[in-house]
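It should be emphasised that the depicted structure is a prediction, and the values quoted were computed from it without experimental measurement. Below, each value reflects all heavy atoms present in this structure, side chains not excepted, and no hydrogens, waters or symmetry copies.
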Amino acid sequence: MCRSIFLLLTALLVGALGAACTLPTDSDGQAMTCTDTLGCVEVAADEPVTVVAMHVLSGPVSFFGQDSTGGIEIAIDDYGDLLGHEINLIFEDSQCNAEGGQTAAQKAAANAAVVGVLGTSCSSAATAALPIISEAGLSMISSANTSPTLTEADPAKGGVWQPGYYRTAHNDLFQGRLAGEFAYNQLGARTAATIHDGSPYADSLQQVMADVFTELGGRITYQGAVNVGDTEMLPILTEIATDPPDVLFYPIFQPEVNFVTAQIQDVAGLEDTILMSADAAFSSDIMANTGESILGLYLTSPLVVGDKYEELLAKWDAKYGGLPPSAFHGHSYDATMMLLQTIESVAQDDGSGNLLIGKQAIRDALSAISGFSGITGNLSCSDTGDCATGEALGVYQINDMEAWPPEIVLPE
C-alpha cells in the first residue's frame, strides 16, 4: 500500500500512464504490460529494488561523499523494504570531476536493474553524468549539486539541464545572493574580489555573488581563477593586492582553499581583507588542514534546524559516531526518501511480488512533487528539477580550532 498522502497524490498524478501504486493488475496472475514511454524496470519477487549512489568516494573531498552516503543509508534504514523488496544500494565513485561523473553514469546506465540514481556530489561530475543518465531514461536526484547551470534549460544562458535531473540542494542563485548581501550589508564591505577554480560550481557561485554585490552598490576589484592542484597562491593573491578588497570570496574546494587561506597572511596589503568561502570548504577537517590562519573565515553553507534534523543527528551518532563531516546529509536523506516514495508510488505489482516500474512515471511523479515535508524544509520541484527553496542556508564563522560545526552568525 502507499505509505503517505504523498504516495496517494503521486499515484493519482501518474495513473494516466498506467503505472501507479495500486492493487495487483490481474487477479489471475497474468503478466503485466509496460505502457511507459521510456520503458520499465522489471523486479522479480525474489529480487531487490536497485538504486545507485554516485558520490565522491576518493580524493581530498571524499568527505562530501561520506556525508551524503550517511544520509542515504539512514534514510534506507528508516524506509525499510519497498513493497516487500529489499533496497540494493550500489556505490559508484563519481569523484569530483567530469571524468568520474561520466564513468559512474555509464556504469549506472548499463545496469538494467537500476531504478533510480542518487548523486552526484559535485556539479562538474553531474554536468558530465547528466546526458548519459537522461538518455538512459533514468532519474537522478542530487543532494549536493548547486550550480545554476544544471537546472537552466536555455543553453544560451549556459544551461545544461536535461530531463530526469532533480536536486534537493539549493541553487547557487540563492547562495550567491546570500554571500553578496552578507558581505555588503552585514560586513559593510564596499569592494570585493573573487577566486574560482574553473568548476561549474565555483565559477557560477562567485559570479552570482559578484553580480549581487555590484547591484547593491559595491565594486568588484578582481575576478580570477586558480587551477585544481595548484599549491602556490602568492601570484594571484599579489595581483589582488594591487587593489586591496574589503572582502575576498573564494568558493573553492580543499586543498586549494587551504593554500589560499594560509598564504594570504604573507601578502602585503591584504592584512585587513575579510575572508569568505562557501559550502565546498565546509568540512570538519578544514581547521586541521589549514592551521590557525583559518580563524575568522566566514562560510556560506546549508543550515538545517528543527526536531527532524536533531533526530537525524542522533541516528548518525548511533550508526557512525559523532557528527556528519559536512553539510548535505539532510539533503541526502530527503533525496533518498523522495526517490523511494516515488518508486513505490508508481510501481505496478502483480500481487505475487513482481514489480514493473515505469521510468517516465518516475519522472512525472518527481516533477509533480509539491509541499514534500523534508528534513531540509518543504520541497516543491520546478519544471527543471529545482526542489529546494534556499531556506536552508546560513553563514558560519570559524572562531575555534576545536569546535564543529562553526559558529552561526546568520541568521542571528
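In terms of heavy-atom proximity, A53 sits nearest to L89 at CB-CD1, 3.9 Å. Across all their heavy atoms, S123 and N145 have their closest contact at N-ND2, 3.6 Å. Nearest heavy atoms, L138 versus A108: CD1-O, 4.1 Å. Minimum heavy-atom separation, S199 to F253: OG-CE1, 4.1 Å. The shortest heavy-atom contact between R219 and D243 is NH1-OD2, 2.9 Å. Of all the heavy atoms in R190 and D246, the pair that sits closest is N-OD2, 2.8 Å.
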> Step by step, would you call E92 with K107 a salt bridge (charged side-chain N to carboxylate O under 4.0 Å, His left out)?
Replying inline: CA-CA 8 Å; E92 298 291 351; K107 291 179 179 179; 3.8 Å; yes
>> Working note: N354 + S352, criterion side-chain hydrogen bond (donor to acceptor under 3.5 Å, both in side chains); need CA distance, chi angles, decisive distance, verdict.
In response: CA-CA 6 Å; N354 301 298; S352 298; 5.0 Å; no
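Looking only at distances, no side-chain donor or acceptor of N227 sits under 3.5 Å from a matching main-chain atom of G229. Side-chain N or O atoms of S94 include one that pairs as donor or acceptor with a backbone N or O of M54 at under 3.5 Å. Checking side-chain atoms of S277 against main-chain N and O of L299 turns up no donor-acceptor pair under 3.5 Å.
Side chains of M32 and C40 form no contact here, defined as non-hydrogen atoms less than 4.5 Å apart. Annotation: side chain of I236 is not in contact with side chain of D230 (no heavy-atom distance under 4.5 Å). Put simply, the side chain of L355 does not reach to within 4.5 Å of the side chain of E42, judged on heavy atoms. F259 is not listed as a side-chain neighbour of I252, based on a closest heavy-atom distance of 4.5 Å or more. Two residues are said to be in side-chain contact when any heavy atoms from C-beta on lie closer than 4.5 Å; K315 and D78 meet this criterion. At a threshold of 4.5 Å between non-hydrogen side-chain atoms, the residues Q360 and P163 do not count as touching. The side-chain heavy atoms of Y309 and H329, taken from C-beta on, include a pair separated by under 4.5 Å. The shortest side-chain heavy-atom distance between M276 and Y250 does not fall under the 4.5 Å cut-off.
Just one of L83, D36, I343 meets the side-chain contact (heavy atoms from CB on, under 4.5 Å) condition when paired with I357; it is I343. Just one of W404, F328, F63 meets the ring pair (Phe, Tyr, Trp, His ring centres under 6.0 Å) condition when paired with F282; it is W404. Applying side-chain contact (heavy atoms from CB on, under 4.5 Å) to V52 and the options V114, V115, L118 leaves one that passes, V114.
With rounding to the nearest 0.5 angstrom, the CG atom of L205 is 10.0 Å from the CG atom of L173. Here the straight-line distance linking atom OG of S143 with atom OH of Y333 works out to 14.0 Å at 0.5 Å rounding. Interatomic distance, OG of S58 versus CG of D93, reported as 3.5 Å (0.5 Å rounding). A distance of 6.0 Å separates OG1 of T342 from CD1 of I141, quoted to the nearest 0.5 Å. If you take CG on D386 and CG on L379, they are separated by 11.0 Å, rounding to the nearest 0.5 Å. Note that the CD atom of E256 and the OG1 atom of T231 stand 9.0 Å from one another [nearest 0.5 Å].
Between F249 and F213, the distance separating the two ring centers is not shorter than 6.0 angstrom.
Ring geometry, H331 versus H170: the interplanar angle exceeds 60°, so the pair is classed perpendicular (tilted spans 30 to 60°).
Counting only N and O atoms by type, the side chains of S367 and Y166 include a donor and acceptor under 3.5 Å apart. Side-chain contact check for D285 and S283: at least one donor-acceptor pair (N or O, by modelled atom type) lies under 3.5 Å. Side-chain contact check for T168 and D334: no donor-acceptor pair (N or O, by modelled atom type) lies under 3.5 Å. Side-chain N/O atoms of D172 and S204 include no donor and acceptor closer than 3.5 Å. Residues D279 and S301 bring no donor and acceptor atom of their side chains to less than 3.5 Å of each other. Residues E181 and N185 bring no donor and acceptor atom of their side chains to less than 3.5 Å of each other. Residues E73 and Y320 have side chains that bring a donor and an acceptor to within less than 3.5 angstrom of each other. At a cut-off of 3.5 Å, with distance as the only test, a side-chain donor of D211 or Q207 sits close to an acceptor on the other residue.
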